[in-house]
*Asks:* 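Encoded as structure tokens, here's the structure I'll be asking about.
Just so we're on the same page: letters track the sequence lines, and every chain starts at 1. It should be emphasised that the depicted structure is a prediction, and the values quoted were computed from it without experimental measurement.
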Amino acid sequence: MSRTTVGVKMAKEYSPVDEVAWQRKWNEAQIFECGIREDRPKFYCLEMYPYPSGKMHMGHVRNYSIGDAVARYKRMMGFDVLYPIGFDSFGMPAENAAMDEGGHPYDITERNMASITQQIKRMGFSYDWKRQLKSHDPRYYKWNQYYFTKFYEQGLAYQEYAPVNWCEQCETVLANEQVKAGRCWRCNGPVVQKEMEQWFLNINKYAQELLDGLDTIAFPENVKSLQRDWLGRSEGAEITFEVEGKDLNIEVFTTRPDTLFGVTFVTLAPEHPMAEQLVKGTEYESAWQDLYDEVSVMAEFDRIRDMKKKKGVPSGCFALHPLTGERIPIWIGNFVIASYGTGAVMAVPGHDERDFDFAKAFDIPIRRVLVMDEGGDADAPLDSAETDHGWMVNSPLEGFDGLYGEEAMKAVTNALEIEGSGKETINWKIRPWLISRQRYWGTPIPMIHCEDCGVVAVPEQDLPVELPTDVAFGQGNPLETSEAFLNVDCPDCGKAARRETDTMDTFVDSSWYFMRFTDALNDEKCFDADVANHFMNVDFYCGGIEHAQMHLIYARFYTKALRDLGLHSIDEPFNELLCQGMVNSPAPWCDSCQLTLSVAHAGSPCPHCGSELSERSAKMSKSLGNTVSPGLMIEQYGADTVRLFILFAANPTAGMDWSDLGIASNHRVMIQMASMPDKLLGWGQSPSPMDTWMLARLKQRCAEFQQAMDVFDLRRAVEISHYDLIKDINWYTRRGGDNAELGVQILKSWTHLVSVSTPHLAEEWWQQIGMDGLVSGSEFEHLPEMTNEEQSALDNDTVLRSVLDSARRIKDVAERHLDGPAQSATIVVSPQWKRTMAVEALDFIEQGGSVKNFVGHLSQMDIAQGERKGEIIGYWGKKMLPQVFKWDDASRALLRSSLDEVTALTNGSDFIAQELGLQSIQVVLGESADDQTGRAGGSMPLAPAIVYA
RNA sequence: GCAGGGGUGGCUGAGGUGGUCAAAGGCGCCGGGCUUAAGAUCCGGUCCCGUAUGGGUUCGUGGGUUCGUAUCCCACCCCCUGCACCA
């Protein structure tokens, strides 16, 4: 396609570059295939690999545009960049689609992958496609199974009969992490508790390391905080209460052993095994049964809401206080959660709100054992639970009263340890990862159930256990419908046995794919340890915040677990994590209902209240209908424009608003950019002093660009490459620059900067300036350090520009004074004594002197002697002092340099006159014989007075 | 309730180790130039006042520290995100 041909459809904009052709060339040249060069550092750039739904959406485009810019930048800086892509292709949507529309999940998945791959490729991302992987490939999931059998050997994987979260709609169990507010994270359906035999991975073994590791990696604070919450470490004590008259012990966990003497009852969760035991056959049994029935059928979410109302039944039994032997009633209460801690609590109503409420409801004594002020009243009644740390009071044993906080807890714990009825312990909120799923489209758990041998792992040589194809969907677990799959001989004894039919949570797949990428074509091993160690860890990981607690915890866990299998030696998988913001788009908004509505309502009154609708930005969603199709945008504007818009519209981590106006404006920039080589190559052969300035500016821009990219400030980088440099070039030509040789030099560097965000256009440029090969495959040639001469060219220009700016600002007002257009102007440079004063003050302050003391110093200086002394000292306080702090480093250097303002401005005076539309400009030194204006008083170093006439 | 992150000019958004901040850039808007014209590019302007480079009022609200604060301290209000009777 020619750059100047308007497309056939006039309504559509045209793309000035044949992007697909360049993509083909990249592919043919294989420049994105990553190898290991001895003398090069590596850089591993990764995006969260996508689930292959049918289409690429804007979230994908944003995610990959960010990652691709980083990958291209690092490549051009000489790194071996590993930048792979694959598909997280196991999962329920494909299986559900198979059930809805017929067909097989395999076909549906492959079909979707083909279509999304094509769309991704059309964007021109620089992936190493050779390394592409897909979770549903047996060559990949074989290793899920291999790891599982190893974990099983080590006891890290185990089977347990336990209450689990069951999603009725999805007909499968869920991990705790997959239950959001009591509902399924996938279908939002209700989740109930069910007792089942299930497979778990004991992530708790790594809880402490997962917590500590957070301090060593560059994750955003909110993600770290999320993970810390999820891990939920709490320090406390486990305490044993004997049950009176029975051979039973109740274990409780508490974070507040210092309140042990305030215990007035002990509470068991209704599901606690001992609860039933204690009430069995007593008058309390039916009350317990009622509570149990009520609570256990309730979805967890409703139950937690219900806990606000304290419900409980007595057990009729008593526990014995571990230190005093006091008889303490045992209750069964709805507010105790069976699965946290030990499922039993020691209740201290005086110093715990829940216990307080419960005690009030059931008329149980409330005892004060802490005071909140040292020496406070130990007998003061408690109107509410006082839960802060305090000083122990009313202790029935010697040696405790008066102890505070940590010390108090320590003392009580010690006493318990001596008695053998308690110990310090750490409790975690995180629970073992339940990985069993009763669904088809996942990795089969490689286990065999034999009547004689029990559970037996499938031997390594028999892996992978492949998914059968002869299954029926829609009636429970499809794997149970395949006889060929189910029936197997026991690997140990050879007798007929039965395969495990659970498959693995798909988060298993995504927990190590980044390691597979390092050595994706290896048929012998999951990956070679040396290769993985070379490329890991991931230097830049980009994806959505929604994976902050599931994927990013599981992946960290797997990395550590695989390390401990000896497969590699990396502790943390991801170094730097960037969570890109949402892509939003306008949708109708009703201000009085505070409601976002579907775009179907645009232009009509609010369907609820009838008032007029305004617009508001909302997350793109099918239900609101405010999605923007990447495919259409690429068709209309080209991939480069879409990328430019996405990178420029907002910082990577911020939410961004889609704007039709915005993308159109970015497209204009692209069209303008496309003409730059012609423009620069078409310059004449006239070197000028401005060439030095332009070259200096180019060096400055390249340095700024690198600084921005190095901290992943993509927005700023794009601004430099696509906006600032154009402005610089305009300024250069405006000041008379016209040197094609310099034009080529600019383009050689600039093309690299441009290639980071708009690579197709960059290739076009590269070709136009006659360079060999592809810019995408070539390294950036660093420019030489800025010379002193170049620096001063920049400085002189800065002075000139600031004079021009202030001259413009006052021109209007001045002309009102003159009663007509100004004809000429005199630029009055500040007299030498002001600059001397400024430099002296800067030195004084930089050497640690206080501003306040400078007056004293000034009065000793030569410039302040004589009859003008008062005036000069006054000038300091009123004018110079505030200004001294306003000069930046460059200006300070300028003040101290040999810069002659009169000469610099005289050289530029024709230009200034022209810009201001004046006939002449005169530059004079203030208070000198040349200065006829008498207006030197308003001048400052670097800021002359301007007098119009 | 707890934790993390925020509140900046018409919108967006940078800065935030106190002075380079009336506050970048983008969008929008206004004016000029160019053009047969439109579009694009280019130039200038865009808090208020002002017979000359200055003054006034601004960075959620109210106080405070300082020669000086969008930037530091205290209190409060509001928004987002996550967790939540976790013992």
*Asks:* Would one find a side-chain N or O of T254(A) under 4.0 angstrom from OP1 or OP2 of rA87(B)?
*Replies:* no
*Asks:* Nearest of rG82(B), rA52(B), rG25(B) to any side-chain atom of D229(A)?
*Replies:* rG82(B)
*Asks:* Pick the C1' atom in rU8(B) and in rG26(B), then give their distance to the nearest Å.
*Replies:* 16 Å
*Asks:* Under 4.0 Å between any heavy atoms, over every strand shown, what does K727(A) touch: base, sugar-phosphate, or nothing? Just pick one.
*Replies:* sugar-phosphate
*Asks:* Taking the same atom, P, in rA3(B) and in rA75(B), what whole-Å distance lies between them?
*Replies:* 14 Å
*Asks:* State which residue, out of D728(A), D797(A), D724(A), fulfils the salt bridge (charged side-chain N to carboxylate O under 4.0 Å, His left out) condition with R697(A).
*Replies:* D728(A)
*Asks:* Indicate, with a heavy-atom threshold strictly under 4.0 Å, whether F648(A) touches base, sugar-phosphate, or nothing.
*Replies:* sugar-phosphate
*Asks:* Have a look at V947(A) and say if it touches a base, only the backbone sugar-phosphate, or nothing, with a 4.0 Å heavy-atom cut-off.
*Replies:* base
*Asks:* With a 4.0 Å cut-off on N to O distance, would you call D215(A) and R228(A) a salt bridge?
*Replies:* yes
*Asks:* If you count heavy atoms of other groups shown closer than 6.0 angstrom to CD of E353(A), is the number above 12?
*Replies:* no
*Asks:* Expressed in whole Å, how much space separates the C1' atoms belonging to rG10(B) and rC30(B)?
*Replies:* 13 Å
*Asks:* With respect to the side chain of N730(A), which nucleotide from rU41(B), rC42(B), rC86(B) is positioned closest?
*Replies:* rC42(B)
*Asks:* Could you tell me whether a side-chain N or O of E901(A) sits under 3.5 Å from a main-chain N or O of L942(A), the two making a donor and an acceptor?
*Replies:* yes
*Asks:* Need one value for L226(A): base, sugar-phosphate or nothing, where a base atom within 4.0 Å counts as base even if backbone is also close, heavy atoms only.
*Replies:* sugar-phosphate
*Asks:* C1' atom, rC42(B) versus rU53(B): distance in rounded Å?
*Replies:* 28 Å
*Asks:* Write down the distance separating the P atoms in rC76(B) and rA87(B), rounded off to the nearest Å.
*Replies:* 26 Å
*Asks:* Would you tell me whether Y732(A) and D738(A) have side-chain atoms, one donor and one acceptor, within less than 3.5 Å of each other?
*Replies:* no
*Asks:* Could you check whether H351(A) and F356(A) have their ring centres less than 6.0 Å apart?
*Replies:* no
*Asks:* rG4(B), rA87(B), rA52(B): which one has an atom nearest the side-chain heavy atoms of S225(A)?
*Replies:* rG4(B)
*Asks:* Quick one: which protein N/O atoms are closer than 3.5 Å to N/O atoms of nucleotides 8-15 of chain B? Pair and distance per line, please.
*Replies:*
unit_1, atom_1, unit_2, atom_2, d
rA14(B), OP1, N651(A), ND2, 2.1

*Asks:* Among rC42(B), rC86(B), rU53(B), which nucleotide sits nearest the side chain of Y340(A)?
*Replies:* rC86(B)
*Asks:* Can you pull every protein N or O that's under 3.5 Å from an N or O on nucleotides 30-35 of chain B?
*Replies:*
none

*Asks:* Any chance the side chains of T413(A) and E424(A) put a donor and an acceptor closer than 3.5 Å?
*Replies:* no
*Asks:* Which part of the nucleic acid, if any, lies within contact of R808(A), taking any heavy atom under 4.0 Å across all strands shown: a base, the sugar-phosphate backbone alone, or nothing?
*Replies:* sugar-phosphate
